[in-house]
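First comes the structure, then the notes that go with it.
As the structure is a computational prediction, the values presented were derived from the model and not from experiment.
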Amino acid sequence: MNRIREAAAHFALCDDSPLVDAGRYNPHLGSEDFLGTHPGANGTLTADEPTDGSPATRWAAAEDAAYPVTLDIGFGTDTTFDQVSLDEYTDSGTNPRVRTFALQRWDTGTGTWVTFASRDTGIGHDLTVTGFGGVTTSLLQVAPTGKIATEQYTPTTTEIAVYDG
């Protein structure tokens, strides 16, 4: 096996290659690539990435995930906001994927998710959702509920942020 990896290393991507992180992550294939040098998708598609403030990182649902797909963001304490900023990952080879979605807050009194905004016009690049008044919650759920008809892949998001005022 080591000789195969040595031979395959001649075909490894350079660190500055535009193809780094451009592949599609498949959790069924394990956490490392063939060379054993990079965790799946270079470890960049985890759920904490859309809230790190960097447009260079992102989250992606597993390729076999069924809609609705949900991504829960915990604030640690009750947080009030009246705007939610969302950004789907798009580049020259990745199209917007989400057609419909809902934004939900956690209701601790009932122990359920409550929808406070939904759209059927997609997320796309740099969407700010407003018009729902002020929401106070300790948990936000972004729930893509349907994909664009021509899209075969699951959602991938670079930013989720909330603002008040």
Original post:
Of all heavy-atom pairs between Pro96 and Gly124, which one has the smallest distance, and what is that distance?
Top reply: CB-CA, 4.2 Å
Original post:
How would you list all residue pairs meeting salt bridge (Lys or Arg N to Asp or Glu O under 4.0 Å) that involve residues 99-124, not counting sequence neighbours?
Top reply: Arg105-Asp107
**OP:** Ignoring hydrogens and angles, tell me if any N or O in the side chain of Thr100 forms a donor-acceptor pair with the backbone of Gly146 under 3.5 Å.
**Re:** yes
Subject >> Other cluster members, Trp113 - Ile/Leu/Val/Met/Phe/Trp/Tyr, side-chain contacts below 4.5 Å >> reply: Trp106, Leu139
Original post:
Applying the 4.5 Å side-chain criterion to the ILVMFWY set and letting contacts propagate, would Tyr67 and Ile148 be lumped into a single cluster?
Top reply: no
Subject >> Sequence neighbours excluded - salt bridge (Lys or Arg N to Asp or Glu O under 4.0 Å) pairs with any residue from residues 71-87 >> reply: none
**OP:** Please answer whether the main-chain N or O of Ala61 pairs with a side-chain N or O of Thr154 as donor and acceptor at a distance below 3.5 Å.
**Re:** yes
Original post:
Considering all heavy atoms of both residues, which atom of Phe132 and which atom of Gln83 are nearest to each other, and what is their separation?
Top reply: CZ-N, 3.6 Å
Original post:
Which heavy atom in Pro155 sits nearest to a heavy atom in Val69, and how many Å separate them?
Top reply: CD-CG2, 4.1 Å
Original post:
So do the side chains of Val129 and Phe116 get within less than 4.5 Å of each other, counting heavy atoms only?
Top reply: no
Original post:
So, does Glu88 use its side chain to make a donor-acceptor pair with the main chain of Val98 at under 3.5 Å?
Top reply: yes
Original post:
Hey, mind stepping through Leu86 and Leu103 against side-chain contact (heavy atoms from CB on, under 4.5 Å) and telling me if it holds?
Top reply: CA-CA 11 Å; Leu86 303 168; Leu103 299 175; 4.2 Å; yes
**OP:** Give the minimum heavy-atom separation between Phe81 and Thr79, together with the two atoms involved.
**Re:** CD2-O, 3.8 Å
Original post:
Tell me, do Ile160 and Trp59 make a side-chain contact under 4.5 Å, heavy atoms counted?
Top reply: no
Subject >> Close side-chain approach of Ile73 and Val142, heavy atoms under 4.5 Å >> reply: yes
Original post:
Given Gln104, which of Thr70, Thr137, Thr115, Thr112 fulfils the side-chain hydrogen bond (donor to acceptor under 3.5 Å, both in side chains) condition?
Top reply: Thr115
Original post:
What heavy-atom pair brings Tyr163 and Ser85 nearest, and what distance separates the two atoms?
Top reply: CE1-CB, 3.8 Å
